[in-house]
2 protein chains.
Amino acid sequence: MMVLSYDTAIMKTNTTLDALTSFYKLLANESRLSILLALRDGEDNVAGICGRTALSQTLVSHQLAVLHRSDVVRSRKDGRRTFYALADKHIDIIVGFALDHLAEKELHHE
Amino acid sequence: MMVLSYDTAIMKTNTTLDALTSFYKLLANESRLSILLALRDGEDNVAGICGRTALSQTLVSHQLAVLHRSDVVRSRKDGRRTFYALADKHIDIIVGFALDHLAEKELHHE
DNA sequence: GTATCATATGATAATACCATCATGTGTCAA
DNA sequence: TTGACACATGATGGTATTATCATATGATAC
């Protein structure tokens, strides 16, 4: 006799929902977004990112760690520096699309 | 003598950054995302959304209010019911794109 | 080695956010 | 006009997130 049954479709949906939520949470922070926007212009090291975002070194390192753990950025060591870049083109596109969306909303005074 | 000067470019950037952060914050919640995913299938009223998301009426109403205030969804009254729908096609596309991104990541075991 | 540079990391206090409860408002049916 | 239905809203306690401080690690220059 079966007591519990798992609907694969729902399971997948819930897993996806979870992943989607986590993904958006990564983007839902001003410091992290600022860093990501800076990285849209290309790879940079921590000090460089600090300069371009006007954020403290500790904060930038912290948030880069968060972004790195979730594979949103990739890192490369060079001597005592660490260079970071967007992990893939998707991130760039996703952020770009949202920016376009907001710009369009702005135009229509919505 | 000028004490403060405002760089228009930076101002715009900060405003945009702010708007972008707010936008992603709207999406960075499991209940709200669940509702938005349900609405991708088309307009529905509160009770319908509750059924499809398995969320309480209060929670759904609460989050719909949040989404409505930010123009992510639009509403239409019909008798004692209120029907909600995605405000525009962009939201649909943006969520769809993120879903694709996650699916692709999944495929590559990243 | 020692100092310094570049970055990373643990702890913490303040704040923001969330889901729930209790209740309010408006609509329709009888 | 009373009751039930559909939804909205204010208050609240619990939890999560955030930025910062202090400090640690690891690489290079001297």
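Nothing here was measured: the structure is a model prediction, and the numbers come from that model. So you know, we letter chains A, B, ... as the sequences are listed, proteins then strands, and number each from 1.
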S.K.: Would you list the protein and nucleotides 10-19 of chain D atom pairs, both N or O, that sit under 3.5 Å from each other?
M.R.:
unit_1	atom_1	unit_2	atom_2	d
D:dG10	O6	B:His62	NE2	3.2
D:dT18	OP1	A:Asn29	ND2	3.2
D:dT18	OP1	A:Arg32	NH2	3.0
D:dT18	OP2	A:Arg32	NH1	3.4
D:dA19	OP1	A:Ser31	OG	2.8
D:dA19	OP2	A:Gln63	NE2	2.9

S.K.: At 10 degrees resolution, what angle do the end axes of the helix from C:dG1-D:dC30 to C:dA30-D:dT1 form when each is taken over five base pairs?
M.R.: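 Both end axes considered, the difference amounts to 20°.
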
S.K.: Working to the nearest 0.5 Å, report the span between CG of A:Leu64 and CG of A:Leu55.
M.R.: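 That separation rounds to 10.0 Å.
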
S.K.: What is the first contacted nucleotide of DNA chain C and what is the last, in 5' to 3' order, if contact means an atom lying under 4.0 angstrom from a heavy atom of chain A?
M.R.: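 Reading along DNA chain C, I get C:dT4 to C:dA11.
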
S.K.: Can you pull the side chain to side chain donor-acceptor pair (under 3.5 Å) pairs that have at least one residue in residues 18-40 of chain A, sequence neighbours excluded?
M.R.: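 Checked against side chain to side chain donor-acceptor pair (under 3.5 Å) - neighbours excluded - the pairs reaching residues 18-40 of chain A are A:Arg32-A:Gln63, A:Arg40-A:Asp92.
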
S.K.: Identify all side-chain donor-acceptor contacts of residues 76-87 of chain B below 3.5 Å with residues at least two apart in sequence or on another chain.
M.R.:
unit_1	atom_1	unit_2	atom_2	d
B:Arg76	NE	B:Glu43	OE2	2.8
B:Arg76	NH2	B:Glu43	OE1	3.0
B:Arg76	NH2	B:Glu43	OE2	3.3

S.K.: Does B:Gln57 get its side chain close enough to the base of D:dA6, under 3.5 Å, for a donor-acceptor pair?
M.R.: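 When only heavy-atom distances are counted, B:Gln57 does not reach the base of D:dA6 through any donor-acceptor pair under 3.5 Å.
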
S.K.: Working to the nearest 0.5 Å, report the span between CG of B:Leu20 and CG of A:Leu27.
M.R.: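 It comes to 8.0 Å.
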
S.K.: In terms of relative ring orientation, are A:Phe97 and B:His90 parallel, tilted or perpendicular, with 30° and 60° separating the classes?
M.R.: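 Taking B:His90 first and then A:Phe97, their aromatic rings stand perpendicular (interplane angle over 60°).
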
S.K.: Applying side-chain contact (heavy atoms from CB on, under 4.5 Å) to A:Phe23 and B:Leu99, what does each step give before you reach the verdict?
M.R.: CA-CA 10 Å; A:Phe23 177 69; B:Leu99 282 170; over 6 Å; no

S.K.: Rounded to the nearest 0.5 Å, how far does SG of B:Cys50 lie from CG of B:Asp44?
M.R.: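 Going from the CG atom of B:Asp44 to the SG atom of B:Cys50 covers 9.5 Å.
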
S.K.: For B:Val73 and B:Ile35, what are the C-alpha separation, side-chain angles and deciding distance, and is it a side-chain contact (heavy atoms from CB on, under 4.5 Å)?
M.R.: CA-CA 10 Å; B:Val73 300; B:Ile35 292 170; 5.8 Å; no

S.K.: Mind running side-chain contact (heavy atoms from CB on, under 4.5 Å) on A:Leu26 and A:Leu36 for me, showing each step along the way?
M.R.: CA-CA 10 Å; A:Leu26 289 173; A:Leu36 291 176; over 6 Å; no

S.K.: Expected output is a numbered-order residue list: members of residues 77-87 of chain A with a heavy atom under 4.0 Å from any atom of DNA chain D. What is it?
M.R.: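 Result for residues 77-87 of chain A: A:Gly79, A:Arg80, sorted by number.
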
S.K.: Considering only NZ, NE, NH1 and NH2 on the basic side and carboxylate oxygens on the acidic side, decide whether B:Asp88 and A:Lys105 come within less than 4.0 Å.
M.R.: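 Between A:Lys105 and B:Asp88 there is no salt bridge, as every charged N stays at least 4.0 Å from the carboxylate O atoms.
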
S.K.: Could you go step by step and tell me if B:Thr53 and B:Leu59 meet the side-chain contact (heavy atoms from CB on, under 4.5 Å) rule?
M.R.: CA-CA 11 Å; B:Thr53 59; B:Leu59 182 51; over 6 Å; no

